[in-house]
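Input: a single structure, listed below in structure tokens.
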2 protein chains.
Amino acid sequence: MKLDQEQQVVEAALRRRGFRWTNQRAAIVRTALQSHEHFTAEELLALCRRIDPKVSRATVYRTLAVLEEAGFVEGLDTGDGGRRFEHVLGHDHHDHMVCLGCGSIFEFRDDELERRQEVAAKRIGFRIERHSLRIHGRCRDCQRAQKGGDRVSG
Amino acid sequence: MKLDQEQQVVEAALRRRGFRWTNQRAAIVRTALQSHEHFTAEELLALCRRIDPKVSRATVYRTLAVLEEAGFVEGLDTGDGGRRFEHVLGHDHHDHMVCLGCGSIFEFRDDELERRQEVAAKRIGFRIERHSLRIHGRCRDCQRAQKGGDRVSG
DNA sequence: GTAGGTGCAAACCTTTTGCAGCATG
DNA sequence: CATGCTGCAAAAGGTTTGCACCTAC
């Protein structure tokens, strides 16, 4: 599925829900769809402003909330108080491993993992809306680089 | 293991790392150990002040950082920008479901879940140091309360 | 024409920091 | 008695909100 087509999917979905389709939203959606990185709200804002320099921060946040609610975007806490987002159109759901050495993010998916979570939730009558599994550790390269260097204090 | 004993474990560990043992830290550690809830920094501050009314917010944050670093406390993002903490002395590892309706936190543990993560990590040569699985959704009670009220707009 | 959306700036909330004074080791 | 810790208050992120204006439908 290509960009224009994806954008139309989002547009249609939002309209169907009674939202208006504004230039700002078009810019934001298009920018988010184009990004194959995990972006912050601030980064998204900067990128949007290349298309339309007067998109405001507030609109980016408001639109991200709409998109998240509609299921086109997923947010993940970075662990330092911030959040990053990714669009999920054409992606399968996946989880993340974050390298503490270099900050790289590795995506992975395991159906059994998903299933076990459903089971655990069902057991207590909990309805899952979303989840975030973040595994922190060291990627292959950083393990190699770290050999012999264990910290004790800052 | 009882409270005094646990507190001494923490004290000894911090001293060993070269930290001083102050009244404030004693109050904070004791309060954290006593709490079998997931507390926010602000809540911890309020509780500490019952023991010692002049403990400052800054000290609570600074001490939480030390405790987290030392592995006595674990922080978890609540998904709304905030964080909650729990002490891990005498606990097994577990994951969390956070209710978006009422904020309740449910703990659960699934060995297979842990195992699958190890497998996924091994597949790409990633070494896990820690992970956090947070499931966000609605608890049983909040699902009931929400029935029939599907939002379309704010 | 009228909701709903937008921009701006200020408010918010949680966490961090600079600095002078205090208390621990 | 030196250094690390503390309290205060201000600063620093990141996100939300009030309000008047604008625009899609």
Side-chain angles (χ1 to χ4, degrees), chain A residues 10-29 31 38-46 48-49 51-70 73 75-85 152-154, chain B residues 10-29 31 38-49 51-70 73-85 98 100 103 151-154:
Chain A
V10 177
E11 176 177 345
L14 294 195
R15 284 186 191 277
R16 204 178 320 119
R17 290 181 168 228
F19 291 107
R20 291 186 182 169
W21 187 250
T22 64
N23 289 335
Q24 289 89 332
R25 285 186 175 160
I28 292 167
V29 165
T31 307
H38 300 82
F39 50 85
T40 62
E42 203 61 33
E43 286 161 1
L44 183 60
L45 173 64
C48 284
R49 283 185 165 162
I51 300 181
D52 177 350
K54 51 187 194 314
V55 173
S56 74
R57 182 169 287 102
T59 296
V60 167
Y61 278 104
R62 288 190 273 234
T63 302
L64 275 173
V66 169
L67 293 174
E68 195 171 9
E69 165 74 23
V73 151
L76 61 135
D77 301 304
T78 47
D80 63 340
R83 285 177 99 206
R84 292 191 163 267
F85 300 86
V152 170
S153 70
Chain B
V10 177
E11 177 177 344
L14 293 197
R15 282 187 193 279
R16 205 178 320 119
R17 290 181 169 229
F19 292 106
R20 290 184 183 171
W21 187 249
T22 63
N23 289 336
Q24 290 89 333
R25 284 186 176 163
I28 292 167
V29 166
T31 307
H38 301 81
F39 49 84
T40 63
E42 202 62 34
E43 286 161 2
L44 183 60
L45 173 64
L47 292 169
C48 285
R49 283 185 165 163
I51 300 181
D52 178 349
K54 49 188 195 317
V55 174
S56 74
R57 182 170 287 103
T59 296
V60 167
Y61 278 103
R62 288 190 271 233
T63 301
L64 275 173
V66 169
L67 293 174
E68 195 172 8
E69 164 74 24
V73 152
E74 248 175 41
L76 62 134
D77 301 303
T78 47
D80 63 340
R83 282 177 102 205
R84 293 190 163 267
F85 300 87
V98 184
L100 295 169
R151 96 218 56 47
V152 170
S153 72

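Keep in mind that this is a model prediction, so the values were computed, not measured. Proteins come first, then strands; the chains are lettered A, B, ... in the order of their sequence lines, and each starts at number 1.
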Given atom [atom1] of [X] and atom [atom2] of [N], what is their separation to the nearest angstrom?
X: Phe19(A); N: dT6(C); atom1: CZ; atom2: C1'; result: 15 Å
X: Leu67(B); N: dC5(D); atom1: CG; atom2: P; result: 12 Å
X: Arg20(A); N: dG5(C); atom1: CZ; atom2: C1'; result: 7 Å
X: Leu14(B); N: dG25(C); atom1: CG; atom2: P; result: 11 Å
X: Glu69(B); N: dT16(C); atom1: CD; atom2: C1'; result: 17 Å
X: Leu45(B); N: dT15(C); atom1: CG; atom2: P; result: 12 Å
X: Arg84(B); N: dT15(C); atom1: CZ; atom2: C1'; result: 16 Å
X: Leu44(B); N: dT14(C); atom1: CG; atom2: P; result: 14 Å

Contacts of type side chain to side chain donor-acceptor pair (under 3.5 Å), residue Glu68(B), not counting sequence neighbours: Arg83(B)

Sequence neighbours excluded, the answer for side chain to side chain donor-acceptor pair (under 3.5 Å) partners of Thr22(A) is none

Considering all heavy atoms, the nearest Cys48(A)-Ala27(A) contact: SG-O, 3.9 Å

Determine the minimum heavy-atom distance between Arg25(B) and Arg20(B), stating which atoms define it. NH1-O, 3.1 Å

When rounded to the nearest 0.5 angstrom, what distance separates OG1 in Thr63(A) from CZ in Phe19(A)? 9.5 Å

Ignoring backbone atoms, establish whether Arg25(A) has a side-chain N or O less than 4.0 Å from OP1 or OP2 of dG5(C). yes

Enumerate the protein-to-nucleotides 7-16 of chain D contacts in which both atoms are nitrogen or oxygen and the separation is below 3.5 Å.
{"unit_1": "dG7(D)", "atom_1": "OP1", "unit_2": "Gln24(B)", "atom_2": "NE2", "d": "3.4"}
{"unit_1": "dG7(D)", "atom_1": "OP1", "unit_2": "Lys54(B)", "atom_2": "O", "d": "2.3"}
{"unit_1": "dG7(D)", "atom_1": "OP2", "unit_2": "Ser56(B)", "atom_2": "N", "d": "2.9"}
{"unit_1": "dG7(D)", "atom_1": "OP2", "unit_2": "Ser56(B)", "atom_2": "OG", "d": "2.8"}
{"unit_1": "dG7(D)", "atom_1": "OP2", "unit_2": "Thr59(B)", "atom_2": "OG1", "d": "2.5"}
{"unit_1": "dG7(D)", "atom_1": "O5'", "unit_2": "Lys54(B)", "atom_2": "O", "d": "3.4"}
{"unit_1": "dG7(D)", "atom_1": "N7", "unit_2": "Arg62(B)", "atom_2": "NH2", "d": "2.9"}
{"unit_1": "dG7(D)", "atom_1": "O6", "unit_2": "Arg62(B)", "atom_2": "NH2", "d": "3.2"}
{"unit_1": "dT15(D)", "atom_1": "OP2", "unit_2": "Tyr61(A)", "atom_2": "OH", "d": "2.5"}

Quick check: does any side chain N or O of Thr59(B) sit under 3.5 Å from a backbone N or O of Val55(B), one acting as donor and the other as acceptor? no

